[in-house]
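My questions all concern the structure below.
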Amino acid sequence: MEHKKIAFIGAGNMVSAIVAGLVADGYPSDLITATAPSPTRRLPLEQKYGIHTTSDNLRAVDDAQVVVLSVKPQMMEQVCEPFQSMNLSGKLVISIAAGINCDRLMQMLGQTVNLVRVMPNTPSQLGLGMSGLYAPQSVNQADKDFAAKLMESCGKVCWVEQESGINNVIAAAGSAPAYFFLFMEAMQAEAIAQGFDKPTARLLVQQAALGAASMVVENPETELSTLRENVTSKGGTTAEALRTFNQHQLSDIVAKAMQAAVARAEEMEKLF
Ligand SMILES: NC(=O)C1=CN([C@@H]2O[C@H](COP(=O)(O)OP(=O)(O)OC[C@H]3O[C@@H](n4cnc5c(N)ncnc54)[C@H](O)[C@@H]3O)[C@@H](O)[C@H]2O)C=CC1
Ligand SMILES: O=C(O)[C@@H]1CCC=N1
């Protein structure tokens with residue numbers, strides 16, 4: 001992959017994860033700059049990953065070949081406003097923001113740009129990310145290829161044909177690590193209630209989750225339902241636990257939560 005100078009505008013949780021994955025994958029840290037007003041957000045990135053950081057967005061954008069817009073959606077308009085006086089036509093602009101579509105981003109930037117939307121997630125930090133990508137027809141293949149290769153440095157990628165698909169990526173992957181953390185929090189709490197100390201409870205739950213996810217990855221031809229059935233001895237303990245989950249409509253709750261994520265993204269598209 002051709003290494004380009006990248007400026008991440010908004011060095012927060014998601015950028016920290018992406019930078020960690022990129023540097024671990026060998027992306028030259030000298031070519032990466034991240035910006036934030038606060039040194040407390042910036043300095044750890046310099047110390048841990050050897051990248052450059054600054055509070056000067058304009059300078060970072062001017063120096064970069066690739067600009068990754070990474071501030072919170074509610075900050076995007078005010079952050080992009082100063083870029084309107086710059087000529088961004090020779091750069092690749094990537095946005096990782098939820099709830100702000102391409103048309104709105106170009107309006108905020110005051111110009112048409114080569115823009116790719118990327119919807120990543122925080123396991124990018126370990127090279128285990130899942131990113132959805134969307135690009136308008138006008139974006140050239142080289143820019144699309146770079147965006148994909150960049151995110152492949154920290155995980156897996158998929159393209160969506162319609163921009164609305166980015167909202168479905170949010171529901172299925174972008175927000176999803178938090179769903180699993182919530183589920184594991186609940187399991188950990190109950191394991192403690194059943195008598196384990198917290199470290200043991202966490203070990204039991206995290207290893208079961210890691211094992212289950214790894215079995216899914218290692219058995220790509222096996223249906224998830226089959227993997228579940230292979231645990232469920234007839235009339236045994238698992239069947240009783242799953243019966244309880246189904247009695248309380250777990251699948252329905254999951255669907256409703258993912259639909260709520262999509263609905264919020266659509267609502268944000270009207271807000272920002
Ligand atoms: N956290 C996640 O798992 C994911 C986040 N995203 C998107 O990534 C973006 C950032 O989200 P997070 O990293 O969670 O938020 P965050 O709040 O952790 O990071 C935002 C960063 O922007 C910085 N910032 C604020 N004003 C700024 C300015 N004027 N110039 C430069 N930087 C400024 C803040 O200091 C902060 O470090 C959002 O648009 C979000 O939708 C997308 C996928 C996953
Ligand atoms: O919660 C959010 O809005 C961001 C986008 C997907 C994950 N975090």
Side-chain angles (χ1 to χ4, degrees), residues 6-21 32-46 48-49 51-64 67-84 86 93-102 104-105 108-109 115-126 128-134 147 150-151 154-158 160 165-182 257-258 260-269 271-272:
I6 305 178
F8 290 93
I9 308 302
N13 292 327
M14 193 60 243
V15 165
S16 300
I18 294 172
V19 166
I32 300 173
T33 296
T35 77
S38 148
T40 50
R41 296 297 301 237
R42 297 202 313 268
L43 294 182
L45 293 173
E46 285 183 16
K48 279 180 82 173
Y49 308 114
I51 68 168
H52 305 288
T53 72
T54 176
S55 59
D56 186 343
N57 289 344
L58 284 171
R59 174 76 182 272
V61 169
D62 193 41
D63 286 350
V67 176
V68 186
L69 301 172
S70 311
V71 294
K72 285 195 177 72
Q74 53 268 42
M75 301 291 294
M76 192 65 79
E77 185 169 26
Q78 72 181 72
V79 169
C80 285
E81 196 277 332
F83 304 150
Q84 292 183 7
M86 303 175 76
V93 178
I94 292 172
S95 169
I96 66 170
I100 305 183
N101 63 33
C102 291
R104 182 68 180 115
L105 281 161
M108 290 178 179
L109 293 166
L115 177 61
V116 176
R117 284 191 70 191
V118 168
M119 189 41 59
N121 66 7
T122 49
S124 300
Q125 177 186 2
L126 304 174
L128 297 173
M130 180 68 228
S131 297
L133 287 81
Y134 170 78
L150 186 71
M151 297 318 294
C154 44
K156 305 281 185 203
V157 303
C158 72
V160 292
I166 287 289
N167 295 341
N168 306 108
V169 170
I170 290 174
S175 294
Y179 311 166
F180 297 114
F181 297 143
L182 179 66
M258 290 174 69
V262 172
R264 177 60 182 160
E266 291 168 348
E267 190 182 33
M268 287 161 70
E269 286 171 352
L271 267 181
F272 301 119

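For reference, positions follow the sequence shown, starting with 1. Ligands are counted one by one from 1 in listed order, and the atoms in each one are counted from 1 as well. This one's a predicted model, so the numbers in the text were calculated from it and none came from an experiment.
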| field | Protein contact for atom 43 (C) of ligand 1 (heavy atom, distance under 4.0 Å) | value | yes

| remark: Ranked by distance from atom 24 (N) of ligand 1, the top protein heavy atom is Pro37 CD, 3.7 Å

| remark: Looking only at protein heavy atoms, what sits closest to atom 6 (N) of ligand 1 is Ile96 O, 3.7 Å

| field | Close N or O approach (Lys72, ligand 1; < 3.5 Å) | value | yes

| request: Specify the closest pair of heavy atoms between Leu105 and Met76, including all atoms of both residues, with the distance to one decimal. | output: CD2-CG, 3.9 Å

| Of the protein's non-hydrogen atoms, which lies at the shortest distance from atom 13 (O) of ligand 1, and what is that distance? | Met14 N, 2.8 Å

| note | If you scan protein heavy atoms around atom 26 (N) of ligand 1, the nearest is Met75 CE, 3.4 Å

| request: Starting from atom 18 (O) of ligand 1, find the nearest protein heavy-atom neighbour and note its residue, name and distance. | output: Asn13 N, 2.9 Å

| task | From atom 11 (O) of ligand 1, work out which of Cys80, Ser175, Ser70 has a heavy atom at the shortest distance. | result | Ser70

| request: Among all protein heavy atoms, pick out the one at the shortest distance from atom 19 (O) of ligand 1; state its residue, atom name and that distance to 0.1 Å. | output: Gly12 CA, 3.2 Å

| Protein heavy atom at shortest distance from atom 2 (C) of ligand 2 | Ser175 OG, 4.8 Å

| task | Report yes if some N/O of Ala36 lies less than 3.5 Å from some N/O of ligand 1; otherwise report no. | result | no

| said: One residue to check: Pro120. Relative to ligand 1, which of side chain, backbone, both or neither has a non-hydrogen atom less than 4.0 Å away? | reply: both

